[in-house]
Amino acid sequence: MTSTHHKPLCPCCQRAYAATILSGDRAAADTEPPPKIARFLLCHSCAPSDVERALAAKYTGSPDGASVHTGTSNNVPPIVWLLTPSEIQSQTDEILAETKSNLDSIASVPLSSVTFANTVTKLMTPPNYKTNPMVCAVKFLQHCSPDPDIRSAAQDAGKRLSASRVEGRMRRDVYERVKAFSLTEERERLSQYEKHFVKSALGDFERAGLALSSGNAQKLRDLLEQDAAVCSEYGSNLGGDATKLYFKPEELEGCGDDFVKERLGKDKEGVCTITLKYPDIIPIGTNCVVAETRRLVAQAREGPAAYKNNLDLVAQGITIRKQIATLLGYASWAEYICSQRMSGSYATVDEFLTSLETKLRDAGKANIATLLNLKKTHFEELGIEFDGKLNAWDSGFYNNLLLKRDYGVDSEKIREYFPLSHVVETTLQIYQELLGLTFTELPVGTYWSWHGDVRCFDVKDTTTEERIGHFYLDLFPREGKYGHAAIFHLVKRSQDHAAVDCMLCNLPPPGADGNPSLLRHTNVVTFFHEFGHIMHGLCAEGIGNSTRLAKCPRDFVEAPSQMLENWCWQKAILERLSRHYETGKSLPDDMLESMLRAKHVNVAIGSLRQIYLSRLDLTIHGSDPPKDAQGLQDLVDELRPRISLMDNPPGNNMLRTFGHLMNQYSASYYGYMWAEVLSADMFATRFEEEGIMNPQTGMDYRKMVLAPGGTGRIMDHLTNFLGRKPSDEAFLKSRGIVS
């Protein structure tokens, strides 16, 4: 690969280029802040492609990818980024070839000569797993690149890698070697830790159907590839959505002057442009007085015209998964998935959800009655005839109105105290203090990024100064970017490099009038929660974070982050997190106390909604799933009112946008409630008792809960941290369900 010749760099870029790239370290860059030379911040008067390519390949210290310079820079994440679709395709070809070669080398070992090193070890970090940074380089940008061609190439790479993982699990010759090793004397001499990986490798092959006949094994392979393709198309429909709604300013009454001003005349004169991104739809759902506007937004997001053919794709996906489960000898996809989780079985999850629903139902009915009475009063004030029911598009608005009127909680006023820059800075300070870590932000211009908004941090253990990893923050919405909030584990730890994580969010951007990005308290909680996932990914130690055979169970993975949400409801922490964007003052005591009093207002219907979504997930992945889109519609129309106590609007179906069920959370959404119960127990038992910023408790949490990753039994780790087995008592008490 060679660079195109351009005219010489201008003085500012030449200085930065020499200081931060050619030097191989940050010494020169640390003396003075470098000019902004990231991809979208170049001066544009010289050779941006040369500078950009040097940044993208900086980990190797080479502008063109070849190691021709004297040193490498470990201060940047260990990723050599790819800048063109052809590079992505070529590197994907190389990864797939290396993956096949790795499997072939295992298969070539005589059955009488198998060892842990020549079989299981090679399956722990295959070339197509995230311990290889090039896996991130070829597929991650599908979620966030501003360039549609790059997104398309990365998406194609992701499909090919997924297919290769399916193919690898279908290699009977490799399975036979692992099976043979499991019967050797060497296996008996392994530590419990190493035995985990033997058992995990065997289970991985057997769940992929290698106990099946050759014909059924091929059928299974075809089904897995079909499922991956369906999920990919579903995700593309979500990420590529460009829906726009247009409302007159008076139709957005209650959303605030700034909200209207930022969207007025954006595409059409005299009307406001509204997308289906969270910064648009959440303020409308909670603040817009005009019920018809709220209804139209809900319909655009869940109605028959929403997200192309996504409902049909869900029907296809669940049919394929049921066939997979049947081939593998399971009654349903839900049973197949639960058998691999912390829960252990569908029956355990069913009992868990039924018990919670029963305990929450009466409180949920009371919550609904409260909101319905408030709606009646509000309609009387407006001189509108009361329709006698609480519609799906009413709940958010009247919940917010209840907080304002009865608890003095004004979400819009509270936003003024949470400028994003302060929230991010303070959140990072809190995590550093709690977990014994040190974060150092890399100067702009010393690393490559896919967009000028992206920030990058280096993470080290405060005591030992050992590198823990890196993380990126990409916080604002834009066209083509992943539309929700999520953490992507880009690179897993290996003996050669530390881990790398990335947060993709869609938080409100700075205003066009120059005002900073201001967050609702719910946004603050979201950021705190998602950052907890980064800590979970980076703090997993040793091979607990460096092998595909040791993944944290999906129904526990939310627990650490959900526990950390509690910090956003502590007075001392809120005083630190808040700072008025104009006066610099923290939240006044009266506003703070109102927020804390209102924390669990209508918590029962919120929890019932989560149970409804969990039931919906498990039912469509059950033993008799709906056969088509109409069957899915009938199911939603039946389950939603029965469990969440709220009717489903005619024709609306949230499965069109329920992306969790078309990725790794299928038959696993219950994990949010499961984890919430565990998180409440961890917080109440240790942090409430010992101090929310107690560094020793924080270190116990880091070492006992986060560090093991997916190795061992999560129940054992939790029991060790709690001093007993978990219970739901703390959850029910914290929600006011029991005294």
Side-chain angles (χ1 to χ4, degrees), residues 140-145 234-235 238-241 275-286 301 307 396 411 415 418-421 423-428 430-431 449-451 453-457 471-490 500-510 517-538 552 554 557-569 577 606 609-610 613 654 657-665 668-669 671-673 675-676 679:
F140 169 66
L141 293 177
Q142 67 180 294
H143 304 294
C144 57
S145 174
Y234 181 98
L238 288 180
D241 180 73
T275 71
L276 299 184
K277 304 294 185 183
Y278 285 155
D280 285 355
I281 64 174
I282 290 177
I284 291 174
T286 55
R301 189 163 169 80
Y307 299 106
S411 297
R415 284 179 67 224
F418 291 116
L420 176 118
S421 59
V423 170
V424 171
E425 179 184 357
T426 307
T427 298
L428 301 192
I430 290 169
Y431 273 98
S449 66
W450 50 93
H451 191 275
D453 290 339
V454 177
R455 302 169 66 184
C456 184
F457 294 78
F471 64 86
Y472 293 97
L473 299 179
D474 183 355
L475 304 181
F476 302 126
R478 60 179 177 272
E479 185 176 351
K481 180 184 172 184
Y482 179 80
H484 301 280
I487 299 303
F488 292 80
H489 302 303
L490 304 187
V500 184
D501 277 13
C502 176
M503 181 191 297
L504 295 183
C505 281
N506 287 270
L507 297 172
S517 170
L518 300 176
L519 305 183
R520 288 175 172 76
H521 184 251
T522 53
N523 297 141
V524 177
V525 174
T526 294
F527 182 80
F528 218 90
H529 173 104
E530 296 300 338
F531 197 80
H533 284 306
I534 288 181
M535 293 295 93
H536 197 180
L538 298 190
C552 183
R554 184 67 61 183
V557 76
E558 294 295 334
S561 286
Q562 288 179 336
M563 187 202 71
L564 289 158
E565 290 181 16
N566 286 283
W567 271 252
C568 298
W569 293 98
L577 282 169
R609 180 180 182 275
Q610 288 296 91
L613 297 178
M654 70 95 58
T657 184
F658 199 177
H660 291 75
L661 307 194
M662 296 294 280
N663 62 24
Q664 295 176 343
Y665 273 88
S668 297
Y669 194 82
Y672 281 97
M673 284 302 299
E676 198 168 341
S679 70

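These numbers come from a predicted model, not from an experiment.
- Within the structure, the side-chain hydrogen bond (donor to acceptor under 3.5 Å, both in side chains) test picks out the following pairs touching residues 518-527 (sequence neighbours left out): E412-R520.
- Applying the ring pair (Phe, Tyr, Trp, His ring centres under 6.0 Å) criterion to F140, with sequence neighbours excluded, gives W450, F488.
- Heavy-atom minimum distance, P560 versus V557: CD-O, 3.6 Å.
- The CD1 atom of I430 lies 6.5 Å from the OG1 atom of T426; values are rounded to the nearest 0.5 Å.
- Note that the OG atom of S411 and the CD1 atom of I282 stand 11.0 Å from one another [nearest 0.5 Å].
- Of the listed residues (N506, V454, D453, L420), just one forms a side chain to side chain contact (heavy atoms under 4.5 Å, CB included) with L475, and that residue is L420.
- Not one N or O on the side chain of T286 forms a donor-acceptor pair closer than 3.5 Å with the backbone of G396.
- Without hydrogens or angle criteria, S517 side chain to P510 main chain gives no donor-acceptor distance under 3.5 Å.
- Here the side chain of Q562 pairs a donor or acceptor atom with the backbone of Y672 at under 3.5 angstrom.
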Self-check item: side-chain contact (heavy atoms from CB on, under 4.5 Å) between V525 and W569, worked out
Solution: CA-CA 9 Å; V525 174; W569 293 98; 4.2 Å; yes
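- Taking the side chain as every heavy atom from C-beta outward, L519 and P508 approach each other to under 4.5 Å.
- Annotation for L538 and V500: closest pair CD2-N, 4.1 Å, computed over non-hydrogen atoms.
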Exercise. With side-chain contact (heavy atoms from CB on, under 4.5 Å) as the test, would you mind laying out the steps for M662 and L238 before giving the verdict?
Key: CA-CA 11 Å; M662 296 294 280; L238 288 180; over 6 Å; no
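- Residues satisfying the side-chain contact (heavy atoms from CB on, under 4.5 Å) test with T427, not counting sequence neighbours, are V423, Y431, F527, F528, L577.
- The salt bridge (charged side-chain N to carboxylate O under 4.0 Å, His left out) test applied to D474 returns R478, K481, not counting sequence neighbours.
- With sequence neighbours excluded, no residue satisfies salt bridge (charged side-chain N to carboxylate O under 4.0 Å, His left out) with D501.
- Taken from SG in C144 to OH in Y472, the straight-line distance is 10.0 Å, to the nearest 0.5 Å.
- Residue pairs meeting the salt bridge (Lys or Arg N to Asp or Glu O under 4.0 Å) criterion with at least one member in residues 524-538, sequence neighbours excluded, do not occur.
- Qualifying salt bridge (charged side-chain N to carboxylate O under 4.0 Å, His left out) partners for E565, counting only residues two or more places apart in sequence or in other chains: none.
- For F476, there are no ring pair (Phe, Tyr, Trp, His ring centres under 6.0 Å) partners two or more places apart in sequence or in a different chain.
- Residues S679 and A559 come closest through the heavy atom pair CB-O, 3.4 Å.
- Taking the six-membered ring where tryptophan is involved, the planes of H484 and Y482 are perpendicular, since the angle between them exceeds 60° and thus also 30°.
- Applying the side-chain contact (heavy atoms from CB on, under 4.5 Å) rule to Q142 yields the partners K139, A154, Q155; only residues at least two apart in sequence or on another chain are considered.
- When side chains are defined from C-beta on, F531 does not count as touching L564, because their heavy atoms never get closer than 4.5 Å.
- Considering only heavy atoms from C-beta on, L613 comes within 4.5 Å of M654 through its side chain.
- Within the 3.5 Å criterion, the main-chain N or O of M563 finds a donor-acceptor partner in the side chain of N566.
- When the side chain to side chain donor-acceptor pair (under 3.5 Å) test is applied to Y307, the partners found at least two apart in sequence or on another chain are R301.
- Within the model, atoms SG of C502 and CG of L473 stand 7.5 Å from one another, a figure rounded to the nearest 0.5 Å.
- Considering only residues two or more places apart in sequence or on other chains, F457 meets the ring pair (Phe, Tyr, Trp, His ring centres under 6.0 Å) condition with F471.
- Residues passing the salt bridge (charged side-chain N to carboxylate O under 4.0 Å, His left out) test with R609: none are found, sequence neighbours excluded.
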Quiz item: Should H533 and E558 be marked as a side-chain contact (heavy atoms from CB on, under 4.5 Å) after you check the CA-CA gap, both sets of side-chain angles, and the distance that decides it?
Solution: CA-CA 8 Å; H533 284 306; E558 294 295 334; 3.0 Å; yes
